Amino acid sequence: MSDSAVRVAVRVRPFNQREKGLDAVCCIAMAGPTTTINDVDGGTGEGTFTFDYSFWSHDGFSVNDEGLLTPEDGNSPYADQKKIFDCLGVEVPNNAWTGYHCCLFAYGQTGAGKSYSMVGFGPNKGIIPTTCEDIFRRIGENHDPAKHFEVTIGMLEIYNEKIQDLLIHPNQRTKGGLEVRESKQLGIYVQDLTKRAVNSYEAIEDLVDEGMANRTIASTHMNATSSRANTVLIIELTQVTTYAGKEGRKPSVITLVDPAGSEKDEQINKSMSALRNVISALADKASGKLKKGQLIPYRDSKLTRLLQNALGGSSKTIMICAVSPASSNYEETLSTLQCADRAKKIKNHAEIDEDPTEKLFNLLKKENERLKALLGGQGVATGGGPNGGGGSDVSETERMRIVEDHKKEIAAIEKALEEEEAAKQAAERAKKAARDEGLRRFRQEMDRIRALIQTLESQVAGNDASLTVGDLSVAEGHTRRGGDCLKEAVNYLSNKHTTHAGGGVR
Ligand SMILES: Nc1ncnc2c1ncn2[C@@H]1O[C@H](COP(=O)(O)OP(=O)(O)OP(=O)(O)O)[C@@H](O)[C@H]1O
């Protein structure tokens with residue numbers, strides 16, 4: 001487990017047509033990772049904030065025939081989509097490959113540029129498509145025959161506090177939406193969300209197109225294609241390694257969130273303010289200011305519940321805040337910067353969710369690499385004269401010692417693997433023994449009940465016969481014995497019931 005702060009970046013966009021038409025004034029300045037907001041209209045004043053990155057995408061760009069935006073020259077500070085991915089987005093596949101669960105979400109006022117950074121427009125591909133491309137580029141570069149990868153995609157939107165599966169056509173969805181659940185094994189997850197296996201970037205692209213077509217979209221005042229729902233893409237990447245006939249699995253869940261624009265929509269405002277409240281509470285917690293007994297309000301919205309692992313949990317998390325450059329949006333922009341500033345304080349406890357076989361395999365691999373490095377890339381051959389085949393300056397004695405050490409470590413790893421297998425088998429045996437014992441007791445009980453029923457039946461038959469011949473005293477005897485038998489059966493069953501209800505095992 002490693003403590004890791006949420007990584008926070010801010011990006012400022014160009015003026016839009018509306019702002020240009022109003023002769024907007026830019027109130028944002030950036031220098032390195034620092035963002036300053038100036039109140040040019042004379043109000044609350046200026047504020048300076050330092051983040052992991054401050055990306056200047058306001059001006060200094062040129063647009064080619066296809067509409068691709070790039071810095072206009074070598075001195076331009078303009079951060080294009082490539083720079084955003086190379087600096088920030090790439091941390092997502094990097095962390096996923098290490099085995100961490102990761103989350104990247106955008107934040108900001110409607111029309112500030114969240115979707116532009118996350119999804120992109122035309123040839124200006126955003127973080128989501130570039131991450132997907134990067135995942136399959138890395139998979140394609142794997143030449144280890146012992147390793148293969150499994151990738152699945154899920155896509156959802158949160159609209160009016162309902163989670164909808166975007167890989168299912170709106171007409172075929174269950175009413176009421178899906179639920180966020182939590183389990184020890186799976187952490188936070190969306191129950192029954194469709195997961196589709198994919199084996200290429202194109203396959204993801206097709207699914208994302210399908211999902212996008214199923215979204216709830218409307219336009220807002222600032223942005224003609226504003227999304228009216230929080231859109232979430234969930235990529236599950238599992239690295240599967242086969243070693244000594246066993247499979248080791250290293251899973252990573254990547255959650256990419258493009259939140260909805262908030263203008264004039266009560267429900268969306270609610271989920272954004274829930275997100276702000278969670279961020280504030282976590283920042284207070286990190287600085288010891290959270291009141292005793294005060295809970296982090298994850299349950300106040302579906303979005304915050306879904307992001308529970310990303311904020312204050314075990315995932316590696318990145319927040320990209322989009323801001324408008326226009327002074328007319330000063331208040332909203334200041335509020336975004338303040339929220340981003342609080343998010344910097346959040347501490348996560350990132351964990352790798354690796355199974356023991358994978359752990360052992362990785363140890364073995366590391367050991368091999370260490371050995372290769374020690375031998376100057378010469379492998380472990382022991383022949384070839386005093387310096388072991390030329391090129392390496394490791395002495396023969398040292399070489400032998402390293403090889404012996406190496407053998408010992410491999411033996412230790414194999415022993416640990418055998419022990420793990422033996423423990424697994426012992427656990428299986430114990431489970432089977434408990435099952436067999438349960439079955440034996442059940443049969444015993446059934447035999448007992450059957451015997452009681454048989455006795456009861458024979459008493460009833462005897463009773464009938466006696467009554468037919470009018471022998472009342474014999475019938476009375478049968479009735480008494482039948483009654484005793486019935487009582488015994490009732491006692492026996494009610495005892496069993498009480499014992500089971502009390503959690504006892506018989
Ligand atoms: N970095 C950028 N460079 C160039 N244009 C940008 C940039 N960021 C945003 N834009 C443009 O600004 C407009 C609004 O951006 P976008 O749709 O990404 O905002 P949003 O925050 O996702 O809005 P909403 O929350 O309403 O969905 C779009 O036309 C987009 O092309």
Side-chain angles (χ1 to χ4, degrees), residues 9-22 24 26 28 30 35 53-64 66-72 76-89 104-130 157-159 212 215-233 256-273 275-276 303 319-326 328-329 332-333 335-337 339-340:
V10 167
R11 185 180 195 187
V12 59
R13 63 158 169 75
F15 285 131
N16 60 27
Q17 287 311 324
R18 193 172 146 268
E19 289 161 347
K20 274 186 202 156
L22 294 170
C26 177
I28 296 291
M30 286 178 170
T35 298
Y53 294 100
S54 287
F55 292 119
W56 182 262
S57 301
H58 178 56
D59 58 13
F61 57 88
S62 52
V63 190
N64 76 7
E66 276 93 49
L68 182 73
L69 271 66
T70 49
E72 63 191 1
S76 166
Y78 180 76
D80 61 4
Q81 298 285 60
K82 183 175 178 323
K83 180 159 181 185
I84 306 297
F85 183 77
D86 291 348
C87 293
L88 192 71
L104 191 149
F105 68 99
Y107 181 84
Q109 179 188 9
T110 185
K114 298 182 294 294
S115 299
Y116 187 91
S117 287
M118 293 302 289
V119 184
F121 286 73
N124 302 294
K125 279 189 188 171
I127 294 170
I128 293 179
T130 315
E157 72 170 3
I158 307 172
Y159 183 66
M212 289 292 192
R215 278 186 321 166
T216 310
I217 297 186
S219 83
T220 64
H221 185 45
M222 280 187 69
N223 178 13
T225 57
S226 173
S227 18
R228 309 306 296 143
N230 301 297
T231 311
V232 183
L233 183 72
L256 303 166
V257 186
D258 182 13
S262 57
E263 201 178 64
K264 289 188 199 150
D265 187 309
E266 213 180 293
Q267 282 297 333
I268 295 167
N269 270 332
K270 221 163 111 186
S271 77
M272 281 296 114
S273 77
L275 181 57
R276 264 195 306 278
L303 179 66
M319 175 184 189
I320 181 160
C321 297
V323 293
S324 152
S328 50
N329 290 315
E332 282 274 16
T333 302
S335 147
T336 299
L337 294 174
C339 182

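Counting convention: from 1, in listed order, for ligands and their atoms alike. Predicted model only: the values in this text are computed from it and were never measured.
For Pro14, the heavy-atom gap to ligand 1 drops under 4.0 angstrom.
Of all heavy-atom pairs spanning Ala260 and Asn230, the tightest one is N-OD1, 2.9 Å. Residues Cys26 and Trp56 share a closest heavy-atom pair of SG-CH2, 4.2 Å.
Side-chain contact between Met118 and Phe105: absent, with no pair of heavy atoms (C-beta onward) separated by less than 4.5 Å.
Residues Gln81 and Thr130 have side chains that never bring a donor and an acceptor to within less than 3.5 angstrom of each other. In this model, a donor atom of one side chain and an acceptor atom of the other lie less than 3.5 Å apart for Ser115 and Asp258.
Ring geometry, Phe15 versus His58: the interplanar angle exceeds 60°, so the pair is classed perpendicular (tilted spans 30 to 60°).
Within the 4.0 Å heavy-atom criterion, the part of Leu69 lying near ligand 1 is the side chain and not the backbone. At a heavy-atom distance under 4.0 Å, only backbone atoms of Gln109 (N, CA, C or O) approach ligand 1.
Looking at Gly122, Ser57, Gly113, Gly108 and measuring to atom 19 (O) of ligand 1, the nearest heavy atom belongs to Gly113.
Of all atoms in ligand 1, listed by their number and element, those nearer than 4.0 Å to a heavy atom of Ala260 are 25 (O). Remark: ligand 1 atoms within the under-4.0 Å shell around heavy atoms of Tyr78 are 3 (N). Interface of Ser115 with ligand 1, defined as ligand atoms under 4.0 Å from a residue heavy atom, comprises 18 (O), 20 (P), 22 (O). For ligand 1 and Arg11, the ligand atoms under 4.0 Å from any heavy atom of the residue are 1 (N). Each of the following atoms of ligand 1 lies closer than 4.0 Å to a heavy atom of Phe121: 17 (O), 18 (O). Close approach of ligand 1 to Arg13 is summarised as follows: ligand atoms under 4.0 Å from at least one heavy atom of the residue are 7 (C), 8 (N), 9 (C), 12 (O).
By the 3.5 Å distance cut-off applied to N or O atoms, Gly111 is counted among the residues near ligand 1. At under 3.5 Å, not a single nitrogen or oxygen of Pro259, backbone or side chain, sits near a nitrogen or oxygen of ligand 1. Polar contact check, Thr110 against ligand 1: a nitrogen or oxygen pair lies under 3.5 Å apart. Residue Lys114 has at least one nitrogen or oxygen atom sitting less than 3.5 Å from a nitrogen or oxygen atom of ligand 1, judged on distance alone.
The distance from the CZ atom of Phe55 to the SG atom of Cys87 is 4.5 Å, given to the nearest 0.5 Å. With rounding to the nearest 0.5 angstrom, the OG atom of Ser324 is 6.0 Å from the CD atom of Gln109.
Under the side chain to side chain contact (heavy atoms under 4.5 Å, CB included) rule, Tyr53 has a single partner from Thr35, Ile84, Leu88, which is Leu88.
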